[in-house]
Amino acid sequence: MSDTALEAVLRRDRTVVTAALVIIAVLAWAYVLWLAADMAMQDAATPSAAGGDMGGMDMSGTDMGGMDMGAVVAPGFRAWAPADFAFIFAMWAVMMVGMMTPSVAPMVLLYAGVGRKARAGGRPIASTAWFFTGYLLVWVAFSVAATGAQWLLASLTLLSPMMATNSTVLGGLVLIAAGLYQWTPMKGVCLRQCQAPIAFLASHGGFRSDPLGALRFGIVHGAYCLGCCWALMVLLFVGGVMNVLWIAGIAILILLEKTVPTGQLIPRISGALMAAIGAWLVVQAL
């Protein structure tokens, strides 16, 4: 490749990275939407939708990709098999990519822009892909924990067919806990690291020239992001892991928290609302 052609590619890096992020997010959201639509359609076709047995929990006819989703959600039918764990983990991992890619885009684009200038100056840094991979690894690890939490809730028969808790008290308590976390110092520290990419760079030694260093750098940023958002992700068990509107609402809240320059205002307002709604649910259930 000639120097002129190389320079043209480097000038287009921001466009390329933006396009890649958009494609990743769109594909992830398309997968989540397909799962939700397929599950809703199959649930409507089961005997329970027509007034079947087991109080609306009979999903014996539900089969998503060869897997009995009714048994996964309500394990009274059978215990989870390895394929069930793999499927639910994949679902969570793809959903995390779709939800978190938009909010990390400013940091990734900053990395790509600095990388272009560093290469032009003869001091290249590791590829943006290494940083982004490190970031996503954190959310893959969270997906493992979320899969375990879903298995536990399903084992205790605390999940509905749409993978939301069927216990009003539990849902209210989760809302209260998530709302209170929005006010904690840890939330504030982690959110500030996510809101200010340049400050994050300055406080963590800048970009790395070696791939493993960039991977670790992405993991560090992802860890702050996890500290900022994990409680909001737990709310998926309240509104429904397959509730697309609920998923989109949480993703939008995360994006607003990280990109709108209001400091701690958005998390504190949302936290107060969550806690209030959770308390109301608990009181109503008692």
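We number each residue from 1, following the sequence as shown.
Close placement of the Phe217 and Phe200 rings is indicated, their centers lying within 6.0 Å of each other.
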**OP:** Before giving the answer on side-chain contact (heavy atoms from CB on, under 4.5 Å), spell out for Ile247 and Asn243 the whole-Å C-alpha distance, their side-chain angles and the decisive distance to 0.1 Å.
**Re:** CA-CA 6 Å; Ile247 296 170; Asn243 185 331; 5.6 Å; no
**OP:** Could you walk me through whether Phe132 and Thr101 pass the side-chain contact (heavy atoms from CB on, under 4.5 Å) test, one step at a time?
**Re:** CA-CA 9 Å; Phe132 190 46; Thr101 295; 3.9 Å; yes
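Not a single donor-acceptor pair under 3.5 Å links the side chain of Thr262 to the backbone N or O of Leu265.
Listed here is the closest heavy atom pair of Arg268 and Gln182: CG-O, 4.4 Å. In terms of heavy-atom proximity, Leu173 sits nearest to Val282 at N-CG2, 3.9 Å. When all heavy atoms of Ser103 and Tyr135 are compared, the pair lying nearest together is OG-OH, 4.3 Å. The nearest pair of heavy atoms linking Val138 to Gly222 is CG1-O, 3.5 Å. When all heavy atoms of Phe131 and Val108 are compared, the pair lying nearest together is CE2-CG2, 4.2 Å. Residues Cys229 and Ile254 come closest through the heavy atom pair SG-CG2, 3.8 Å.
Counting heavy-atom neighbours within 6.0 Å of Leu273 CG, excluding the residue itself, gives a total above 12.
The shortest side-chain heavy-atom distance between His221 and His204 does not fall under the 4.5 Å cut-off. At least one side-chain heavy atom of Val140 sits less than 4.5 Å from a side-chain heavy atom of Phe89. Between Val174 and Thr165, every side-chain heavy-atom pair lies at or beyond the 4.5 Å cut-off.
Trp92 and Gln150 share a donor-acceptor pair across their side chains, judged by distance under 3.5 Å alone.
For Glu257 and Lys187, the salt-bridge test passes: some basic side-chain N is under 4.0 Å from an acidic carboxylate O.
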